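Worksheet for the structure shown next.
Just so it is clear, the structure is predicted and the values come from calculations on it, not from any experiment.
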Number of protein chains: 4
Amino acid sequence: MNKTKQKLYEIIFEADTPAGKLFDIALLIVILISVALVMLESVEAISTNHRQLLHILEWLITGIFTIEYLLRIAIVKKPFRYIFSFYGIIDFLSVLPTYIGLIVVGSHSLVVIRILRLLRIFRIFKLTRYTQAGRLLAKALWASRAKISVFIFFVIILVIIIGTVMYLVEGPEHGFSSIPRGIYWAIVTLTTVGYGDISPETPFGQFIASIVMIMGYAIIAVPTGIITAEILNPTKDENTQVCPNCLFPTHDKYAVFCKKCGSVLNPGKE
Amino acid sequence: MNKTKQKLYEIIFEADTPAGKLFDIALLIVILISVALVMLESVEAISTNHRQLLHILEWLITGIFTIEYLLRIAIVKKPFRYIFSFYGIIDFLSVLPTYIGLIVVGSHSLVVIRILRLLRIFRIFKLTRYTQAGRLLAKALWASRAKISVFIFFVIILVIIIGTVMYLVEGPEHGFSSIPRGIYWAIVTLTTVGYGDISPETPFGQFIASIVMIMGYAIIAVPTGIITAEILNPTKDENTQVCPNCLFPTHDKYAVFCKKCGSVLNPGKE
Amino acid sequence: MNKTKQKLYEIIFEADTPAGKLFDIALLIVILISVALVMLESVEAISTNHRQLLHILEWLITGIFTIEYLLRIAIVKKPFRYIFSFYGIIDFLSVLPTYIGLIVVGSHSLVVIRILRLLRIFRIFKLTRYTQAGRLLAKALWASRAKISVFIFFVIILVIIIGTVMYLVEGPEHGFSSIPRGIYWAIVTLTTVGYGDISPETPFGQFIASIVMIMGYAIIAVPTGIITAEILNPTKDENTQVCPNCLFPTHDKYAVFCKKCGSVLNPGKE
Amino acid sequence: MNKTKQKLYEIIFEADTPAGKLFDIALLIVILISVALVMLESVEAISTNHRQLLHILEWLITGIFTIEYLLRIAIVKKPFRYIFSFYGIIDFLSVLPTYIGLIVVGSHSLVVIRILRLLRIFRIFKLTRYTQAGRLLAKALWASRAKISVFIFFVIILVIIIGTVMYLVEGPEHGFSSIPRGIYWAIVTLTTVGYGDISPETPFGQFIASIVMIMGYAIIAVPTGIITAEILNPTKDENTQVCPNCLFPTHDKYAVFCKKCGSVLNPGKE
């Protein structure tokens with residue numbers, strides 16, 4: 001029994017064995033079908049014509065996910081730790097909405113929860129070679145969080161002031177019916193999205209909008225600059241070896257001599 | 001008395017003591033409520049149904065800000081210097097509009113002044129760890145001001161010429177009713193905002209617009225390049241130690257020998 | 001005979017002789033005319049008024065391309081290798097649609113295949129000085145493929161979730177008639193294209209859209225950062241000389257001593 | 001007489017003396033008024049109500065520019081060289097349209113030529129401190145011209161293919177009435193301008209559009225990367241001193257010893 005459990009653990013939780021890889025690919029396909037199903041269900045022409053088929057497929061997938069979920073609980077060493085882990089909760093939420101749909105009729109908004117099945121994909125990709133690139137990007141974004149926060153904070157202040165000014169200049173008769181709507185317009189403009197659902201119509205409003213757009217030109221460069229600098233930085237080959245002689249704090253990655261005083265650095269630290 | 005004054009100064013103007021931090025957080029909440037109030041007041045559905053409530057809250061907040069403003073004047077050593085400082089003026093403008101509203105009826109446009117209360121937030125954030133990131137960004141923007149100015153100057157010239165050409169090509173019947181409007185369109189296009197409130201309709205106009213857009217593609221890269229280079233630059237490890245022998249002006253940050261003549265640099269300068 | 005063949009080979013396949021260059025320029029002009037023809041044919045006003053002329057020109061160009069294609073087969077040493085090469089297939093597809101048009105009436109969609117003649121341009125530009133710049137760009141894009149893939153994968157997941165949320169918040173009555181349509185809106189917004197064919201109308205929808213746009217601000221910076229870093233990297237002056245003493249793998253381009261142990265590097269390797 | 005000429009030359013062509021600076025500022029103001037005049041004339045409400053005033057001002061400015069133009073010819077040493085120089089032609093074109101307007105009635109399109117007066121501004125700014133920043137930017141753009149050309153060439157090919165595909169998929173009934181119009185749409189989308197005057201309406205068209213937009217996401221990063229890399233590069237402190245011993249081609253700007261063989265570099269070259 002214990003041996004079967006060990007083997008199942010390798011198949012379901014790991015991806016080193018051929019069986020484990022096969023399981024991952026099968027699971028990936030089921031997840032993708034499941035997400036496609038949720039999407040198709042939302043298209044009215046399809047959901048009315050193929051209601052029966054969609055229903056059956058949905059229950060089939062829910063069945064597969066339920067068995068998988070119960071298997072995971074049965075196999076894992078610390079079931080409770082799994083159940084309350086990030087993926088444990090996602091796995092649970094993957095099957096919950098369909099069962100709730102049995103009891104509560106017309107639980108329309110549960111569709112969002114079902115789309116969360118998508119997040120299960122991350123578990124499968126956890127072990128591939130793309131992870132390194134992902135980690136590098138995540139690291140760069142994380143390292144620049146303070147600068148990005150300051151930037152977004154500044155943009156929010158700016159957008160509130162611009163939105164208020166435009167509300168006064170253009171007024172409700174040109175679509176700027178309230179300050180929040182003015183702020184929405186300011187965000188749409190500053191980020192260069194520019195729907196055109198609200199756009200300035202008075203010459204003075206268009207003049208202010210022009211200034212905002214040219215400002216947006218310079219402003220959009222800031223996050224790009226921040227993240228580019230951050231992506232370039234991790235390649236800086238530096239370590240934090242402290243020189244035992246002059247206490248100089250950082251050196252080139254493979255340095256054996258202090259760059260300031262020339263003393264031999266502590267090689268054990270590397 | 002003097003001791004109370006000293007304590008109040010620490011609470012209101014500084015943020016090192018627990019009481020000072022509490023005061024800052026309380027003030028932050030009042031400012032945010034105040035700004036939210038100004039926004040909600042501009043939404044017609046809300047302002048007609050809850051006129052009474054909004055009125056009371058507005059006076060409550062004005063009262064708090066007035067007391068705070070008078071306290072600041074009373075406590076600070078050089079009251080006049082505070083009154084005419086940037087934050088002193090902002091603090092004054094935060095309470096002024098409500099009082100003016102008592103006398104002048106329908107002072108609609110004073111709403112902009114009330115939104116300036118938002119700027120008081122910067123005082124609170126002045127002392128946090130995000131300031132360093134903010135200063136770095138501000139420094140990068142400031143250092144690149146000459147390049148950004150040249151760039152914007154060039155964009156303005158370009159936009160005037162494009163706007164005039166499009167006014168002639170498309171003409172008033174397709175929305176390009178005047179040169180300023182043509183310039184407005186050119187800005188909307190070159191910055192890739194693209195509202196679509198005015199868009200070229202003749203084949204030749206669309207051809208010119210296509211060229212403008214592809215140009216905009218290359219042009220948008222310029223401010224990004226400038227600011228990225230500037231953000232990367234401050235990490236250049238250089239100092240301004242002048243070599244005592246050959247007077248060479250800049251050296252690597254921790255250099256002990258001149259990079260040109262090899263003389264020992266003045267270590268006291270570092 | 002063999003000498004004529006050799007000469008023709010030089011003219012048609014190479015660009016070193018004056019005749020070869022002339023052939024390339026003539027071919028370039030024919031290709032451009034051919035593509036312009038396909039475009040003009042699609043404009044209804046032109047295709048109805050000049051049907052006869054367009055027809056004649058199309059057959060003229062097809063004739064030229066057919067002769068060229070047959071010549072290439074006759075001249076090249078390994079005809080089959082040419083026929084099934086990338087350019088061989090493009091050359092074949094350049095003439096096919098016109099002949100099929102003789103048999104099958106109204107083969108409207110073959111126009112796409114005819115536009116593929118455009119790809120023949122790349123053969124002509126293969127030997128110019130712009131190729132180096134192109135190769136550098138291609139190299140930078142290729143080197144960053146893992147990061148770009150991870151980024152696009154992340155964007156797709158994000159866009160599916162945002163699209164689903166907006167479908168629920170805005171609903172079919174505001175244009176978000178299905179989840180795929182919501183996803184289409186999310187892509188239009190996140191990439192800052194912003195057509196405005198679908199745009200949020202409820203205050204809550206506009207609030208979510210605002211967050212998406214500001215997120216898009218930070219997200220658009222990521223590919224820029226990746227590619228900038230990649231373009232800057234090839235200039236890193238490093239070689240792969242292995243130190244004969246300590247086996248340290250990379251050194252500065254012109255280093256003569258190992259940066260780790262100080263041994264003399266193998267100069268023959270450079 | 002010669003002395004007056006010399007003095008006038010200094011005032012008109014140079015900017016070192018107080019009088020020269022004053023002349024430049026006066027000229028700048030006249031140019032700006034002149035351009036503003038051209039703009040205002042195009043606004044119908046203004047041009048009908050103030051026809052008389054605009055007429056007088058236009059002749060006043062033309063008079064000033066004519067005198068200035070004749071003075072420049074009289075003063076300069078080689079009049080013909082000035083007349084056929086870039087600024088000489090601009091100066092001539094600045095006054096021409098108004099005189100032509102006397103003879104030819106309704107010469108509407110000459111307005112473009114009058115807007116070229118704007119270019120005269122560059123002469124005034126030629127001698128200011130902003131020039132250095134401008135030159136740096138121009139140099140970066142010029143250095144990256146090969147890469148930018150390749151990039152734009154690639155974008156044009158891509159846009160033609162996408163435009164043709166969309167013309168077939170969406171067809172004239174959804175606004176894609178011809179291939180050139182499809183190409184126009186592809187440019188509007190790929191550059192993230194997104195007017196929304198034409199937008200895909202079939203699900204399949206929206207799917208293709210989504211792919212184009214995500215591609216545009218990665219593509220817009222390329223020119224940014226190119227220009228950023230170019231702006232960062234000129235700061236590389238390198239010269240082209242060839243080592244007299246080992247013929248190594250480039251060294252750090254102030255190097256006195258060869259970085260490869262350690263020989264003394266030729267100091268006279270610096």
Side-chain angles (χ1 to χ4, degrees), chain A residues 35 38-46 108-109 111-112 114-116 118-119 121-122 125 129-134 136-137 140-141 148 151-152 155-156 159 180-181 183-184 187-188 190-197 219-220 222-232 235 252 254-256, chain C residues 144-151 153-154 157 160-161 163-165 167-168 172 177-183 188-201 203 206-207 209-214 216-222 224-229 232-233 236 248 259-262:
Chain A
V35 169
V38 175
M39 283 187 200
L40 290 175
E41 226 181 283
S42 77
V43 182
E44 213 180 292
I46 295 169
H108 182 60
S109 65
V111 82
V112 201
R114 265 161 68 204
I115 213 86
L116 290 181
L118 206 58
L119 298 178
I121 286 180
F122 284 113
F125 281 101
R129 71 181 178 111
Y130 285 104
T131 329
Q132 210 199 341
L136 204 77
L137 286 181
L141 281 170
I148 294 278
F151 171 70
I152 286 175
V155 164
I156 288 169
V159 141
R181 226 173 136 74
I183 294 169
Y184 167 71
I187 292 172
V188 167
L190 209 65
T191 58
T192 79
V193 170
Y195 288 132
D197 50 351
I219 286 174
I220 209 169
V222 174
T224 310
I226 293 168
I227 289 175
T228 305
E230 219 58 68
I231 290 176
L232 281 171
T235 62
D252 292 346
Y254 300 103
V256 280
Chain C
S144 55
R145 70 190 180 287
K147 278 181 217 144
I148 294 278
S149 304
V150 166
F151 171 72
F153 177 73
F154 171 74
I157 301 271
I160 291 174
I161 291 170
T164 309
V165 169
Y167 162 69
L168 286 172
S177 56
S178 67
I179 292 180
R181 226 173 136 74
I183 293 168
V188 167
T189 301
L190 210 64
T191 57
T192 78
V193 170
Y195 287 132
D197 50 351
I198 320 168
S199 62
E201 283 166 48
Q206 293 183 341
F207 179 71
S210 298
I211 292 170
V212 171
M213 283 179 249
I214 289 180
Y217 225 44
I219 286 173
I220 209 169
V222 174
T224 310
I226 292 168
I227 289 175
T228 305
L232 280 172
N233 263 353
K236 259 208 298 186
F248 188 75
K259 78 203 263 186
K260 186 150 181 223
C261 71

Exercise for review: For A:Thr228 and C:Gly225, work out which heavy atoms get closest and say how close.
Suggested key: OG1-CA, 3.2 Å
**Study point:** Side-chain heavy atoms of A:Ile227 within contact of C:Thr224, under 4.5 Å
**Key:** no
Practice item. First locate atom CD1 of A:Ile220, then atom OG1 of C:Thr192, and finally report the distance between them rounded to the nearest 0.5 Å. Key: 6.0 Å
Practice item. Identify the heavy atoms of C:Phe153 and A:Ile121 that sit nearest to each other, and give their distance. Key: CZ-CG2, 3.3 Å
Exercise for review: Rounded to the nearest 0.5 Å, what's the gap from OG1 on C:Thr164 to CZ on A:Arg114? Could you check?
Suggested key: 10.5 Å
**Study point:** Any A:Leu119 side-chain heavy atom under 4.5 Å of C:Ile161 side chain
**Key:** yes
Point to revise | Engaged part of A:Val159 at the chain C interface, taking heavy atoms whose separation is under 4.5 Å | key: neither
Check your understanding: Between A:Val188 and chain C, which part of the residue has a heavy atom less than 4.5 Å away: side chain, backbone, both or neither?
Key -> both
Point to revise | Segment of A:Leu118 engaging chain C (4.5 angstrom heavy-atom cut-off) | key: both
**Study point:** Nearest non-hydrogen partners of A:Asp197 and C:Pro200, listed with the distance
**Key:** OD2-O, 4.3 Å
Review point. If you count heavy-atom pairs under 4.5 Å with chain A, which of C:Ile198, C:Ile148, C:Thr189 comes out on top?
Key: C:Thr189
Check your understanding: Going by heavy atoms in the side chains, are A:Met39 and C:Tyr167 under 4.5 Å from each other?
Key -> no
Exercise for review: Of all the heavy-atom pairs spanning C:Pro180 and A:Ser42, show the shortest one and how long it is.
Suggested key: CD-OG, 3.6 Å
Exercise for review: Return the option, out of A:Leu116, A:Ile156, A:Val43, with the maximum number of heavy-atom pairs under 4.5 Å with chain C.
Suggested key: A:Val43
Review point. Using non-hydrogen atoms only, which part of A:Leu190 is less than 4.5 Å away from chain C: side chain, backbone, both, or neither?
Key: both
Review point. So with a 6.0 Å cut-off around CD of A:Glu44, is the heavy-atom count from everything else above 12?
Key: no
Practice item. Counting only heavy atoms closer than 4.5 Å, note whether C:Val222 contacts chain A via side chain, backbone, both or neither. Key: both
Revision key, fill the gap. Taken to the nearest 0.5 Å, the spacing of C:Ile211 CD1 from A:Ile187 CD1 works out to 8.5 Å
